[in-house]
Visitor: 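Following this message is one structure expressed as structure tokens.
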Amino acid sequence: MIIAGTERARFAIVDPARPSQPLAVVGSDELPAAVRELDAASHPRWVWAETHLLYPALLEAGVRVDRCHDLRLCAAILDRSTLTEQVRSSGRHGRPPWLPPGPAEAGTAGAAAPVAAGRSHDTLFELDEFADIDPAGAVDEGSDVRASDTGATDGSAVTIESLARELDRQQAMVAESADPRALRLLLAAESAGALIGAEMHAAGIPWDRAVHERVLEQTLGARPKPGFKPAHVERLAAAVRAALAGPSVNLDSQVDLLRALRRAGIQVDSTSRWELGEHDHPAIEPLIAYKKLMRLLSANGWAWLDEWVHDGRFRPDYVPGGTATGRWATSGGGALQLPKIVRSAVVADPGWTLVVADAAQLEPRVLAAMARDEAMAAAGRGRDIYRGIVESGVVENRDQAKVAILGAMYGATTGDSGRLVPRLARAYPRAMALVDRAAATGERGGVVTTNLGRSSPSPGDGWRVAQAQASQPEATPADERRARSVAREWGRFTRNFVVQGSAAEWALCWMAALRPRLAQFAPVATPAERSGPVFERMPHLVYFLHDEIIVHTPREHADEVAAAVHETAHAAARLLFGDFPVDFPLESAIVDSYAMADA
DNA sequence: CGGCGCGGCGCC
DNA sequence: AAAGGGCGCCGCGCCG
């Protein structure tokens, strides 16, 4: 058990049992070597304040670690979870002021006045009873190593003692929580995600600039001079202006365009593609095409290539835990919104290939398992869950099953989706009850919690103000309508939160289990042109999109990697849902280009 | 000039 | 009239 911390740009690595006797005190240049040595010696779980501040430098130096505990991400979970509500209400567990808010809780300052919590001798991560089903090592028992970087952001030194105290606080909260096992798993998975996010940034997505440019040229025309638009875009713009009889309309200005459309007799209230599509007019088709091309140009055009692709890699900045539900965010490059049209540019290196896998209908399956809804789980067993729902006679066709399920999870009340939801409720009452309960809790302003213990934020001022106004004696019917509307809106958020958030946990556990499996492959010889970090010379994750992953692997390991991807998906299911009979089938492919994975 | 809200749209 | 959840990024247009 070790801690590393820093004071004045020095890093200390410390065993928490003997915090006053650092195992190493080094400058940042020597830190990677020290970590490498201690990691090899005792295989510890490194504890540090923020993975994204410390780990990139280790990776840069070729040092990879197996496990960590990210104090900031874990605090963000623990300080909000309903599972720790009791222990938090004791007042003994205020977050230390030096620990920044988690990525999804910006503005939520840590509570002041830390109180010394009794030292807990529990280990955070021992999960003996699950060791046999945890292939990851992600959540197994292990010694504790703590590292902190100092103060990174505001220059204030965070002492070793502060870090040790915070780890103790978190361990105590977990131990005294309503479900220590679930929280241990969640914190381990969240921390593994932090490692993976940093590693995927360091590795980068293999990106073939020439392929991307070919797509742009075929779709948009040749790259224009600065300040000009590509030929195909200009041609469509001219067609739209001609059809609208508005030679000077600025198609990129919503106001200008809307005015021109109405002048031409197209009665729309917005310029959204959805609404435009309802109308029949010669300007519509070229306008929709124009918008599509402009989207590609501005979001993933030549400027994007210049900014984000270097040395054959796209390196987005991942933000693990970046959203309230626990899904990741990205902070640049739009990595989670890569349009399908440019995915052909994701091409494996020579001699390497891509293992692409996504979990089929992840969210409905997670819902079925969470709700212990045997009928719904059975609909998905060994088949497309939507087809299973059709075969059970609940609805007539797959499209209906899909919109009904989405409607149930998102809270649709009207339209095709809303009409189908009641049929779903009759067939799968337990699943429906779970999401309905989450919605009702949210409407009341309450907090809901995922399968492993990530809780939703409390509703904001908008909700409170609206409810307060509606409960005044002089409240108008408009006030009451407004309050109901705001409440339902929050209810739709909490309804979806439990499903989306629990699905995110499944995906995290999947990756956390897969990562050590990939690390077991022997490194391949480093090609002269590529001397990257060690994990870049073995199969490694390069992309993660909510329920989908890409592993970049030497060709000779592809089949084994694909097997590991499947095995760890099953392992994640067992870890989260035990023996409950629910399937999480993957659609996977071994391909040289991401675009071929859809076939 | 930068900051910000909005409409719109890409992904899940 | 009300309207399915979560995101990030773009350009526009307004603001100071």
Side-chain angles (χ1 to χ4, degrees), chain A residues 103-104 229 250-258 268-277 287-288 290-301 303-304 307-308 316-319 321-343 358-364 366-367 402-421 435 438-439 442 448 450 454 456-457 477-478 481-482 484-486 488-504 506-507 543-549 594 598:
Chain A
K229 286 174 181 164
N250 179 2
L251 301 184
D252 302 323
S253 163
Q254 196 261 3
V255 177
D256 213 17
L257 177 58
L258 191 58
V268 286
D269 294 317
S270 78
T271 62
S272 70
R273 196 165 69 196
W274 184 88
E275 190 172 354
L276 290 172
L287 177 55
I288 290 176
Y290 171 86
K291 284 163 153 287
K292 195 169 186 66
L293 263 50
M294 279 302 287
R295 168 77 191 189
L296 174 63
L297 175 65
S298 64
N300 296 98
W304 181 90
E307 182 175 359
W308 288 102
D317 294 312
Y318 295 95
V319 187
T323 79
T325 61
R327 276 189 176 179
W328 290 15
T330 52
S331 70
L336 304 186
Q337 301 122 261
L338 285 181
K340 302 218 157 152
I341 190 172
V342 305
R343 293 183 178 186
D358 74 283
Q361 307 113 28
L362 176 60
E363 293 190 348
V366 165
L367 172 57
K402 188 169 178 174
V403 297
I405 287 283
L406 293 178
M409 295 190 305
Y410 292 161
T413 55
T414 64
D416 294 344
S417 181
R419 275 191 292 281
L420 290 166
V421 167
V435 287
V448 298
T450 61
R454 192 188 308 261
S456 63
R481 271 199 308 277
R482 164 91 187 138
R484 265 199 307 277
S485 162
V486 169
R488 283 192 189 129
E489 193 177 318
W490 196 255
R492 284 193 299 277
F493 167 61
T494 53
R495 169 190 295 270
N496 184 248
F497 183 96
V498 294
V499 181
Q500 188 186 117
S502 300
W506 182 91
Y543 192 54
F544 170 47
L545 184 58
H546 309 315
D547 59 3
E548 174 172 5
I549 58 170
Y594 188 16
D598 274 334

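First the proteins, then the strands, lettered A, B, ... as listed; each starts at 1.
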Visitor: Would you mind classifying the nucleic acid contact of A:S298 as base, sugar-phosphate or nothing, using non-hydrogen atoms under 4.0 angstrom?
Guide: sugar-phosphate

Visitor: Can you tell me how far P of C:dG4 sits from CZ of A:R495, to the nearest Å?
Guide: 11 Å

Visitor: Has A:T330 got a side-chain N or O lying under 4.0 Å from the OP1 or OP2 atom of C:dC7?
Guide: no

Visitor: Could you give the CZ-to-P distance, from A:R484 to C:dA1, as a whole number of Å?
Guide: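 Value for this atom pair: 16 Å.
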
Visitor: Using only atom types and a distance under 3.5 Å, with no angle test, would you say the side chain of A:S298 pairs donor to acceptor with the backbone of A:M294?
Guide: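 A pair under 3.5 Å: yes.
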
Visitor: By the 4.0 Å heavy-atom rule, please label A:G322 as base, sugar-phosphate, or nothing.
Guide: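 Counting heavy atoms under 4.0 Å across all strands, no contact is made by A:G322.
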
Visitor: Using whole Å, report how far OH of A:Y290 lies from P of C:dG11.
Guide: 11 Å

Visitor: Just by protein heavy atoms under 4.0 Å, how would nucleotides 1-12 of chain B read 5' to 3' in B, S and -?
Guide: ------SBBBBB

Visitor: Rounded to whole angstroms, how far apart are CD on A:E307 and C1' on C:dC10?
Guide: 12 Å

Visitor: When all nucleic acid strands are considered with a 4.0 Å heavy-atom cut-off, which category describes A:G333: base, sugar-phosphate, or nothing?
Guide: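 Sugar-phosphate, no base atom in range.
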
Visitor: Could you list the donor-acceptor pairs under 3.5 angstrom formed between side-chain atoms of residues 324-331 of chain A and any protein atom two or more places apart in sequence or on another chain?
Guide:
residue	atom	partner	partner atom	Å
A:T325	OG1	A:T323	OG1	3.1
A:T325	OG1	A:R327	N	3.4
A:T325	OG1	A:Q500	OE1	2.6
A:R327	NH2	A:E363	OE2	3.4

Visitor: Can you check the A:W328 CH2 to C:dC7 P distance for me, whole Å?
Guide: 17 Å

Visitor: Ignoring backbone atoms, test whether A:R492 places a side-chain nitrogen or oxygen under 4.0 Å from the OP1 or OP2 oxygen of C:dG5.
Guide: yes

Visitor: Can you tell me how far P of C:dC7 sits from CZ of A:F544, to the nearest Å?
Guide: 15 Å

Visitor: In Å, rounded to the nearest 0.5 Å, how long is the span from CG of A:L362 to CD of A:E548?
Guide: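 Going from CG on A:L362 over to CD on A:E548, the span is 11.5 Å.
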
Visitor: Output the distance between atom CG (A:D547) and atom CH2 (A:W506), rounded to the nearest 0.5 Å.
Guide: 8.0 Å

Visitor: Quick one: does A:Y543's side chain have a donor or acceptor within less than 3.5 Å of a partner on A:A335's backbone?
Guide: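 It does hold such a pair.
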
Visitor: On DNA chain C, does the nearest nucleotide to A:F493 precede the nearest nucleotide to A:R481 from the 5' side, or the other way round? Give the residue.
Guide: A:R481

Visitor: In whole angstroms, how far is the P atom of C:dC10 from the CG atom of A:L257?
Guide: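 Answer to the nearest Å: 21 Å.
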
Visitor: Please check if the side chain of A:K291 supplies one atom and the backbone of A:T271 the other of a donor-acceptor pair under 3.5 Å.
Guide: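 Checking the backbone N and O of A:T271 against the side chain of A:K291, a donor-acceptor pair under 3.5 Å is found.
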
Visitor: Classify the ring geometry between A:W490 and A:F493 as parallel (under 30°), tilted (30 to 60°) or perpendicular (over 60°).
Guide: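 It falls in the tilted class, 30° to 60°.
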
Visitor: With respect to the side chain of A:N496, which nucleotide from C:dC7, C:dG11, C:dG6 is positioned closest?
Guide: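 Closest nucleotide among those given: C:dG6.
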
